[in-house]
Amino acid sequence: MSKSAEWDLIVVGAGAAGIGAGLAARAAGLKTQILEAADRIGGRAHTVRERGIAYDLGCHFLHSASRNPFSLAALTRGETIRMHGTQGAFPPALYRDGVLQDEETRAACGRYYAECYQRSLAVQADVSVAAAIDGQSPFRDIYTGWCGAIVGVPPERISTEDVKAYAETGEDWPVKDGYGALIAGLADGLPIRTGCPVSAIDRTGETVRVETPGGTLTARAVIVTVSSDVLRSGSIRFTPDLPDSVRAALEDVRLGFAERVALFTDGPVMDPPVIAHIMPRAGHMIGVNFHEFGQNTIGGYLAGDLAADLAREGGRAALIDYTLDAVVEILGSDLRGKILGAISSCWSTDPNILGGYSAALPGRHAARAALREPFDDRLALAGEACSPDAFSTAHGAYITGTHTVSRMLQGGLRAG
């Protein structure tokens with residue numbers, strides 16, 4: 001590797017993977033520069049503060065908390081977190097067409113969720129989850145919404161091998177002051193340039209050349225951590241191009257869609273607070289979390305094709321309206337007068353993200369391996385889509401960033 005570059009390592013993207021790579025590079029003594037296209041760090045981890053309340057517009061739960069590296073950081077920093085396992089048989093509360101379903105119906109829906117999961121594990125081929133489950137269940141439409149919440153796509157576009165590969169412990173811990181804020185806090189002191197999109201990466205010369213609006217930077221090695229759909233979009237030009245196997249994998253491992261909405265209320269509107277799956281008359285299930293951490297919020301989670309369609313057609317306003325209409329169906333029209341404000345993500349149309357988190361197409365789970373396979377000692381990919389067993393999570397992305405730096409060090413990358 002060349003010793004004449006400005007930087008030992010350039011990391012493209014300052015989300016969880018880029019921060020993980022940056023921390024590992026700093027520990028190794030590498031002269032590193034992290035370039036972030038957005039005006040903030042964190043990527044799909046993004047906490048905003050409204051009306052004195054921290055709210056995650058991106059990832060929120062410390063999934064598989066006992067082996068999640070961010071859990072230790074949260075506990076060390078004294079963050080307020082709620083330690084609990086997955087809420088038993090889902091959904092904790094179930095509404096259809098504005099009516100709270102009885103316990104027998106809710107439990108039956110939970111059993112169907114569990115049955116679908118077991119059938120997905122049992123199938124001996126990489127097929128769609130839709131092909132593995134009972135499609136005649138009266139809960140099939142609700143389950144479609146649940147799949148969107150978990151994977152970002154409907155059962156027809158979920159690989160059963162993805163389901164099998166994903167490792168979880170059942171521990172999902174929310175962070176009161178924001179998972180996004182926690183992740184961003186870990187980046188303190190890292191050399192990050194925000195508002196600095198990368199348009200081209202050329203590794204034909206002695207050093208790797210990285211094109212930015214501020215000019216060309218050179219490095220001995222580059223790690224690219226942007227989302228799989230941003231890579232697929234061609235917004236970053238690679239010379240030589242990425243290998244055919246990687247280009248094919250980017251077609252097979254696409255981002256699903258997930259959006260988060262917060263409605264701020266003038267006081268409690270649901271006593272006791274509850275997490276609910278709501279199937280409104282509009283016909284697409286959403287998740288709603290009333291008054292998490294005792295705060296005056298109604299948190300909406302819209303995912304899958306519903307989230308994508310609303311974001312494209314009406315942006316944040318459409319996502320907020322759908323959430324509010326769904327909650328009004330169960331609490332009554334007086335609720336509208338108790339709403340003080342609302343915010344929403346819009347990851348689906350954010351050019352720096354273009355979706356929620358990755359889902360391999362049925363029959364294409366093996367494509368994930370191509371994304372993480374080393375194909376050049378000077379260029380590598382990292383991010384949640386590259387994770388073998390924690391894709392779709394912030395900690396999965398972070399781990400790929402740290403592992404990629406370790407792999408480059410083993411391949412000969414040294415401080416210049």
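Across every non-hydrogen atom of Val224 and Ile201, the tightest pair is CG2-CD1, 3.6 Å. Counting all heavy atoms, side chain and backbone alike, Pro362 lies closest to Glu156 at CG-O, 3.5 Å. Residues Pro174 and Glu292 share a closest heavy-atom pair of CB-OE2, 3.3 Å. Looking at every heavy atom in both residues, Leu57 comes nearest to Ser344 through CD2-C, 3.8 Å. When every heavy atom of Gly315 is checked against every heavy atom of Cys346, the shortest pair comes out as CA-SG, 4.0 Å. Here the closest non-hydrogen pair linking Gly18 and Val11 is CA-CG1, 3.7 Å.
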Quiz prompt | Test log, rule side-chain hydrogen bond (donor to acceptor under 3.5 Å, both in side chains), inputs Ser348 and Glu259 | solution = CA-CA 8 Å; Ser348 308; Glu259 305 289 356; 2.7 Å; yes
Practice problem: Check the pair Asp202, Val208 against side chain to side chain contact (heavy atoms under 4.5 Å, CB included), reporting the backbone distance first and the verdict last. | Solution: CA-CA 6 Å; Asp202 184 340; Val208 184; over 6 Å; no
Quiz item: Run the salt bridge (charged side-chain N to carboxylate O under 4.0 Å, His left out) check on Asp325 and Arg336 step by step: do they pass?
Solution: CA-CA 9 Å; Asp325 289 346; Arg336 296 186 185 276; 2.8 Å; yes
Quiz prompt | Arg49 and Ile53: CA distance, side-chain angles, deciding distance, side chain to side chain contact (heavy atoms under 4.5 Å, CB included) verdict | solution = CA-CA 5 Å; Arg49 186 167 288 275; Ile53 296 172; 5.8 Å; no
Practice problem: Evaluate the side-chain hydrogen bond (donor to acceptor under 3.5 Å, both in side chains) criterion for residues Ser64 and Glu168: first the C-alpha distance (whole Å), next the side-chain angles of each, then the deciding distance (0.1 Å), finally the verdict. | Solution: CA-CA 5 Å; Ser64 296; Glu168 62 178 335; 5.8 Å; no
Exercise. Show your reasoning for whether salt bridge (charged side-chain N to carboxylate O under 4.0 Å, His left out) applies to Glu115 and Arg119.
Key: CA-CA 6 Å; Glu115 175 191 313; Arg119 286 194 179 197; 3.4 Å; yes
Quiz item: Given the rule in the side chain to side chain contact (heavy atoms under 4.5 Å, CB included) test, do Val230 and Asn352 qualify, once you have shown the distances and angles that lead to the verdict?
Solution: CA-CA 7 Å; Val230 168; Asn352 296 320; 5.6 Å; no
Exercise. Apply the test side-chain hydrogen bond (donor to acceptor under 3.5 Å, both in side chains) to residues Thr393 and Glu384: give CA-CA distance (whole Å), side-chain angles for both, the deciding distance (0.1 Å), then the verdict.
Key: CA-CA 6 Å; Thr393 70; Glu384 57 87 9; over 6 Å; no
Quiz item: When you look at Leu35 and Gln33, which way does the side chain to side chain contact (heavy atoms under 4.5 Å, CB included) test go after all the steps?
Solution: CA-CA 6 Å; Leu35 306 176; Gln33 179 66 66; 3.6 Å; yes
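Arg254 places no side-chain N or O within donor-acceptor distance of the main-chain N or O of Ala359, the cut-off being under 3.5 Å. Remark: the backbone N or O of Ser159 is not paired with any side-chain donor or acceptor of Arg364 at under 3.5 angstrom.
Each of Thr225, Val246, Val226 was scored for a side-chain contact (heavy atoms from CB on, under 4.5 Å) with Leu381, with one residue passing: Val246. Each of Leu413, Thr32, Ile223 was evaluated against Val405; a single residue qualifies, Ile223, per the side-chain contact (heavy atoms from CB on, under 4.5 Å) test.
Atom OG1 of Thr323 is separated from atom CD1 of Ile286 by 4.5 Å, given to the nearest 0.5 angstrom. To the nearest 0.5 Å, atom CG of residue Leu75 and atom CG of residue Leu62 are 8.5 Å apart. With values rounded to the nearest 0.5 angstrom, Phe290 atom CZ is found 13.0 Å from Asn296 atom CG. Within the model, atoms CD1 of Ile399 and SG of Cys386 stand 13.0 Å from one another, a figure rounded to the nearest 0.5 Å. From Leu121, atom CG reaches atom CD of Gln124 across 10.5 Å, with rounding to the nearest 0.5 Å. Rounding to the nearest 0.5 Å places OG1 of Thr212 at 8.5 Å from CD1 of Ile10.
Between Pro280 and Asp97 there is no side-chain heavy-atom pair separated by less than 4.5 Å. Between Met270 and Leu331 there is a side-chain heavy-atom pair separated by less than 4.5 Å. Using a 4.5 Å cut-off on side-chain heavy atoms (C-beta onward), Ser227 and Tyr357 make no contact. Residues Tyr398 and Pro69 are in side-chain contact: their nearest non-hydrogen atoms beyond the backbone lie under 4.5 Å apart. The shortest distance between side-chain heavy atoms of Leu371 and Leu250 falls below 4.5 Å. Two residues are said to be in side-chain contact when any heavy atoms from C-beta on lie closer than 4.5 Å; Ile142 and Leu94 meet this criterion. Side-chain atoms of Leu182 and Glu79, non-hydrogen and from C-beta on, do get closer than 4.5 Å to each other. Side-chain contact check for Arg157 versus Pro154: some heavy-atom pair is nearer than 4.5 Å.
Applying the 6.0 Å contact sphere to CD of Glu104 captures no more than 12 heavy atoms from other residues, nucleotides or ligands. Enclosure of atom CZ in Arg237 is not indicated, since only 12 or fewer non-hydrogen atoms of other residues, nucleotides or ligands lie within 6.0 angstrom. Counting non-hydrogen atoms of neighbouring residues, nucleotides and ligands closer than 6.0 angstrom, the CG atom of Asp266 exceeds 12 such neighbours.
Counted by atom type alone, His63 and Asp172 present one or more donor-acceptor pairs between their side chains at under 3.5 Å. Side-chain contact annotation: Thr169 with Glu171, donor-acceptor N/O pair under 3.5 Å present. When only modelled atom types and interatomic distance are considered, Thr105 and Asp102 share a side-chain donor-acceptor pair under 3.5 Å. Gln101 and His277 share no side-chain donor-acceptor pair at under 3.5 Å. In summary, the side chains of Arg232 and Ser228 do not present any donor paired with an acceptor at a separation below 3.5 Å, with no hydrogens or angles considered. Checked by atom type, the side-chain pair Asp39/Thr194 shows no donor-acceptor distance below 3.5 Å.
Remark: Lys176 pairs with no residue by the side chain to side chain donor-acceptor pair (under 3.5 Å) rule, at least two apart or across chains. Partners of Arg26 according to the side chain to side chain donor-acceptor pair (under 3.5 Å) rule, which considers only residues two or more places apart in sequence or in another chain, do not exist here.
Separation of the Trp146 and Tyr113 ring centroids falls under the 6.0 Å cut-off.
Residues Asp376 and Arg203 are paired through a salt bridge, judged by an N-O separation under 4.0 Å between the basic side chain and the carboxylate. Between Glu36 and Arg193 there is no salt bridge, since none of the side-chain N atoms of the basic residue sits less than 4.0 Å from a carboxylate O of the acidic one.
Under the 6.0 Å distance and 45° angle rule, Arg260 counts as a cation-pi partner of Tyr55. A cation-pi contact, defined as under 6.0 Å to the ring centre and within 45° of the axis, links Arg368 to Phe391.
Using the six-membered ring where Trp is involved, Tyr179 and Phe70 have ring planes that are perpendicular, over 60° apart on the 30 and 60° scheme. Ring orientation note: the planes of His46 and Trp347 are nearly perpendicular, at an angle over 60° on the 30°/60° scale.
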